[in-house]
Visitor: 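I have a structure I would like to understand better, so I am pasting it below and will then ask my questions one at a time.
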Amino acid sequence: MSTISSAPTATQSISRFINEKQVAELLGISVKTVQAWRLKSIGPRYWRLHNKLVRYQWQDVLDYLEGTAVTPSRALHRAFPSELVEKHLAESHDSAQA
């Protein structure tokens, strides 16, 4: 995907509005995915202007990305019972020591 030519510079406000195409480019997804997320009420916060025009703020998109970050060890603990995780980590540690 191409870089976003209208990305804010240091002298521009980070709260500047961007369109769904720019959001799609920034996130590396299609515009249709951005639109589908809106319909499902997921994804970055957006603004509907004049009941039709959809815009996003840079900071909202960055906040959304920050909120989707996953630390692998935490994800492992959420996905599996703690006994299994502890057993796996102990076995991994033991095999690394050998």
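Side chains are part of it too, since the values below use all heavy atoms of this structure and drop only hydrogens, waters and symmetry mates. Note that this is a predicted model, so its numbers are computed, not measured.
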Visitor: Applying side chain to side chain donor-acceptor pair (under 3.5 Å), name anything that partners R45, two or more places apart in sequence or on another chain.
Guide: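 With neighbours one apart ignored, the set is D60.
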Visitor: One pair to check against side-chain contact (heavy atoms from CB on, under 4.5 Å): R55 and I18. What are the steps and the verdict?
Guide: CA-CA 6 Å; R55 292 293 182 259; I18 59 175; over 6 Å; no
Visitor: Could you go through the side-chain contact (heavy atoms from CB on, under 4.5 Å) check for L27 and L65 one step at a time?
Guide: CA-CA 8 Å; L27 298 178; L65 284 174; 3.3 Å; yes
Visitor: Considering non-hydrogen atoms only, spot the tightest contact between V23 and P44 and give its length.
Guide: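 The pair with the smallest heavy-atom distance is CG1-CG, 4.5 Å.
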Visitor: L39, V31: one ILVMFWY side-chain cluster at the under-4.5 Å cut-off?
Guide: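 In one cluster: no.
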Visitor: Run the side-chain contact (heavy atoms from CB on, under 4.5 Å) check on Y64 and W37 step by step: do they pass?
Guide: CA-CA 12 Å; Y64 171 75; W37 284 0; 4.0 Å; yes
Visitor: Evaluate D63 against Q59 for side-chain contact (heavy atoms from CB on, under 4.5 Å), listing each step before the verdict.
Guide: CA-CA 6 Å; D63 290 346; Q59 191 60 51; 2.8 Å; yes
Visitor: Can you tell me how far the OG1 atom of T33 sits from the CD atom of E20, to the nearest 0.5 Å?
Guide: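 Those atoms lie 11.0 Å apart.
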Visitor: Roughly how far, to the nearest 0.5 Å, is the CG atom of L53 from the CG atom of N19?
Guide: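 Rounded to the nearest 0.5 Å, the CG-CG separation comes out at 9.0 Å.
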Visitor: Kindly write out the residues that satisfy ring-ring contact (aromatic ring centres under 6.0 Å, His included) with Y46, not counting sequence neighbours, or none if the list is empty.
Guide: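 Listed in chain order: nothing, the list is empty.
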